[in-house]
Amino acid sequence: MKTDVLIIGAGAAGLMCAIAAGQRGRHVLVVDHANKVGKKILMSGGGRCNFTNLGVTPAQYLSANPHFATSALARYTPWDFIALVEKHRIAYHEKELGQLFCDDSSKLIVRMLLDECAAAGVSVEANCGVQRVRKTPEGFSVHTARGEVHAASLVVASGGLSIPSMGASGFGYELARQFGHAVLPTRAGLVPLTLSGKHQEHYRDLAGVALPLVETRVGKRGFRAGLLFTHRGLSGPAILQISSYWQPGADLRIDLLPDQDAGDWLIGQRHARPLAELKTVLGDALPKRLAQRLCEQWLDSRPMRQYREAELSQIGAQLKSWPVTASGTEGYRTAEVTLGGVDTDGLSSTTMQSKLVRGLYFIGEVVDVTGWLGGYNFQWAWASGRAAGEVA
Ligand code: FDA
């Protein structure tokens, strides 16, 4: 079989690329080895797909080349995707921090993308894995589960390694290496952190305890959001965000009272409640079980009048910089994204085309561009897919 453009991966980036190429009159085939297309879109945002973020800028992306995403993000903006969502009459709302979610279901986003594919004459085949790819003088010869496909352009949209049970594979990285591209080391991002040994023992039974607002910090990077204790460690948006910046051995600190001068507050409490114990006072600002555990493990607890002001200032400083010794992450099993991937040095930032092999493109998560939590990763998938689809 012959086609102009063959796209490997019917996820967010692949389908968006297919629509753009199809609308230009190109004959497009999208193949995916999973039994259903757009599986990550379906499970995203708790089933409501956080499909973009109104505040997208290149600063919310991690990459060895922080400027690489600029061009594609500027040419296909959140407003372009919102226009598509509105054209299909999909109701949506802003949850917080510019994050846009469907009112009803992520299924509507997949339906919208497939309807646009159909309107642009694109063929989409699920249950169709790719075994081998060969370069030919005319383009590429690709051995798929449905036979040999000859394509002038080949777009690799096979995603990262996160959630293997959803069809994730390292195929895109292998293909990149096959054609001489560098692949930067990959690791799980937007992922819960684990504790081990005594650190895990001290906090394990707090599983389920949540703090609505903390600030997690690694070096100069900080995120203000919620935190959740789990059986194995820590999760919640503030942890997922900082996990992309955390590496083993990194100094992770958590400000447990980000909106307060904790030292001044404790000194005020000493005057107001001299007989109350520290753990009782802290239990008014933090979940009670956490306040108690922090006092047992780290701070000790006496009636407030027994503390000198300097001691309370010191305790306040400790609460604003709680050192957490994470032992690792939950890994690709639960990670939302894969950091690293196909080195952007080998790609054009305007078209996503390989600088080494004409007609070969890499888009979406397989590329070394990873967004923060909050709709940024889909926006990169849409924007990079569009950039390639306009030229492939
Ligand atoms: P994606 O992974 O979507 O698609 C790749 C496709 O390639 C898959 O369909 C796969 O089956 C296929 N494939 C792989 N290997 C293949 C092979 N050898 N042959 C054929 N096909 C192959 N982001 C966001 O912005 N907002 C959100 O709400 C969420 N929520 C979220 C929840 C969960 C649980 C996860 C795991 C992730 C998110 N994300 C997110 C991240 C987001 O889903 C992700 O960044 C994009 O789906 C990436 O789009 P791609 O098209 O690049 O890869």
Side-chain angles (χ1 to χ4, degrees), residues 3-23 26 28-34 36-42 44 51 68-69 72 76 81 109-110 113-114 116-117 120 122-130 133 139-140 142 144 149 151-163 166-179 181 183 186 337-338 340-344 346-349 351-354 357 359-371 377-392:
T3 185
D4 295 329
V5 183
L6 175 65
I7 301 175
I8 302 176
L15 293 175
M16 179 54 86
C17 178
I19 293 163
Q23 285 171 345
R26 304 285 278 158
V28 184
L29 170 64
V30 191
V31 294
D32 200 301
H33 65 175
K36 247 200 290 190
V37 303
K39 279 191 169 182
K40 277 199 189 160
I41 302 175
L42 293 173
S44 68
F51 54 81
F68 182 80
Y76 193 81
F81 194 77
I109 298 291
V110 175
L113 294 168
L114 290 177
E116 288 285 326
C117 279
V122 170
S123 309
V124 183
E125 299 267 1
N127 282 315
C128 185
V130 171
V133 176
F140 300 87
V142 180
T144 76
V149 180
S153 297
L154 179 66
V155 182
V156 183
S158 51
L161 296 167
S162 338
I163 324 263
M166 288 284 126
S169 78
F171 178 82
Y173 308 127
E174 287 157 34
L175 201 66
R177 288 193 193 97
Q178 177 189 332
F179 286 109
H181 279 268
V183 177
T186 54
V337 286
T338 303
V342 178
D343 190 352
T344 58
L347 305 177
S348 154
S349 63
T351 63
M352 306 296 134
Q353 185 168 193
S354 162
V357 182
L360 178 65
Y361 299 78
F362 292 89
I363 57 174
E365 197 178 320
V366 74
V367 178
D368 170 37
V369 173
T370 308
N377 285 295
F378 278 137
Q379 189 58 36
W380 168 246
W382 315 134
S384 58
R386 188 85 202 174
E390 280 171 353
V391 291

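Here the structure is a predicted model, which is why all the values come from computation and not from measurement.
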According to side chain to side chain donor-acceptor pair (under 3.5 Å), who are the partners of S123, at least two apart in sequence or on a separate chain? none

Exactly one candidate in V5, V155, L154 meets side-chain contact (heavy atoms from CB on, under 4.5 Å) with Y361; the answer is V155

Atom pair OG/CG of S158 and L175 - distance to nearest 0.5 Å: 7.5 Å

Those residues at least two apart in sequence (or on a different chain) that pass ring-ring contact (aromatic ring centres under 6.0 Å, His included) with F378 are W382

Side-chain contact, heavy-atom cut-off 4.5 Å: Y173 with L161? yes

Side-chain heavy-atom pair I163, K39 within 4.5 angstrom cut-off: no

Can you measure from OG (S169) to CD1 (I8) and round to the nearest 0.5 angstrom? 9.5 Å

Would you compute the distance between atom CD of E125 and atom CG of L29 and round it to the nearest 0.5 angstrom? 6.0 Å

Shortest non-hydrogen pair, A34 vs A126, comes out as O-CB, 3.5 Å

Heavy-atom pair of closest approach, residues G11 and I41: C-CD1, 4.4 Å

Looking at V28 and G22, what are the two nearest heavy atoms and their distance? CG2-N, 3.7 Å

Closest non-hydrogen atom pair, I363 against C17: CD1-CB, 3.6 Å

Taken in chain and number order and not counting sequence neighbours, the residues that satisfy ring-ring contact (aromatic ring centres under 6.0 Å, His included) with F362 are H181

